[in-house]
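So the structure is just underneath, and the comments pick up after that.
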Amino acid sequence: MGSFDRLFNRQRSLHEILGGGQVADLILWRRKNLTVWILFVTLAAWVVFERSGYTLLSLVSSVLLLLIVILFLWAKSAAILNRPAPPLPQLHLSEEMANEVTAFIRTRVNDLLSVSQDIALGKDSRLFLKVAAYLWLISIIGGLTDFLTLAYTSLFIVLTVPAIYERYEDYIDMYVLRGYRKLCILHVKINEEYVSRVHNWILEKKKLR
């Protein structure tokens with residue numbers, strides 16, 4: 001199937017469009033065990049939050065409290081019994097890692113501020129309409145569900161829909177493009193039969209005046 005028979009006439013594969021790295025491998029199930037593990041863990045977390053009544057903050061605080069108590073008692077008992085201390089890794093954030101994270105955040109924040117400035121100054125009407133439409137859609141979805149359900153559903157879609165599309169890419173592209181062409185033909189027919197008639201009728205009315 002050529003590039004003109006693909007959606008949006010794209011020439012790159014879906015893996016390349018997604019970056020071609022580990023994230024693309026994860027989304028497209030090239031690392032199947034890791035993808036399944038992420039889906040299972042997020043599903044378990046969602047069930048815990050939904051059934052137990054815990055919030056994210058309360059659950060994280062409870063887990064950290066339990067972990068700190070266990071490590072503290074372990075260290076104290078080890079000192080009394082002359083046993084080795086808990087095997088903890090060195091908790092240290094390197095300067096290189098901090099610089100990379102800072103540069104990444106700074107770049108993304110600057111891009112966001114630049115886009116916000118263009119919208120606020122009315123420089124890009126199309127971008128304004130896109131952002132307004134996305135925010136309106138998010139507000140509607142947010143009113144229908146809670147954040148955790150939305151987050152899990154979004155993750156589930158990201159980790160399943162691209163993989164299904166890649167597997168049945170030829171069939172999906174064929175049927176979507178066929179439907180798009182039929183819609184274009186229908187649009188032309190409606191425009192010729194109805195819109196043109198209404199337009200001509202309006203012109204005739206103006207001439208009669």
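Only a predicted model underlies this, so the values are computations on that prediction, with no experimental measurement involved.
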Rounded to the nearest 0.5 Å, what's the gap from CE on M174 to OH on Y168? Could you check?
14.0 Å
Closest non-hydrogen contact found for T153 with T149 is OG1-O, 2.7 Å
Rounding to 0.5 Å, atoms CG (L159) and CG (L155) come to a distance of 4.5 Å
Which heavy atom of A78 sits nearest a heavy atom of P84, and at what distance?
CB-O, 3.4 Å
side-chain hydrogen bond (donor to acceptor under 3.5 Å, both in side chains) pairs touching residues 29-43, sequence neighbours excluded, are R30-E166
How many angstroms lie between OH in Y180 and CG in L183, if you round to the nearest 0.5 Å?
9.0 Å
Can you find a pair of side-chain heavy atoms, one from I38 and one from L26, that are under 4.5 Å apart?
yes
Output the distance between atom CG (L39) and atom CZ (F156), rounded to the nearest 0.5 Å.
7.0 Å
Membership question, hydrophobic clusters at under 4.5 Å side-chain separation (ILVMFWY): are V41 and V47 in the same one?
yes
Shared hydrophobic cluster, F40 / Y152 (ILVMFWY, side-chain heavy atoms < 4.5 Å)
no
Using the rule given for side chain to side chain contact (heavy atoms under 4.5 Å, CB included), can you reason through Y165 versus D173, listing the C-alpha separation, both sets of side-chain angles and the distance that settles it, and then say yes or no?
CA-CA 9 Å; Y165 173 74; D173 286 351; 2.6 Å; yes
Roughly how far, to the nearest 0.5 Å, is the OH atom of Y134 from the OG atom of S139?
14.5 Å
Has the side chain of S77 got a donor or acceptor atom that lies under 3.5 Å from a matching backbone atom of L73?
yes
Does V131 share a hydrophobic cluster with I138, counting links as ILVMFWY side-chain heavy atoms below 4.5 Å and allowing steps through other members?
no
Would you check, one step at a time, whether the test side chain to side chain contact (heavy atoms under 4.5 Å, CB included) holds for Q117 with L113?
CA-CA 6 Å; Q117 185 177 13; L113 292 176; over 6 Å; no
Nearest 0.5 Å, what's the CG-NZ distance between L135 and K130?
14.0 Å
Is it true that V101 and V109 fall in one hydrophobic cluster, defined by side-chain heavy atoms closer than 4.5 Å?
yes
When clusters are formed from ILVMFWY side-chain contacts under 4.5 Å, directly or step by step, what else is grouped with V161?
I157
Side chain to side chain contact (heavy atoms under 4.5 Å, CB included) between L71 and L67: does it pass, once the steps are laid out?
CA-CA 6 Å; L71 292 176; L67 180 61; 4.1 Å; yes
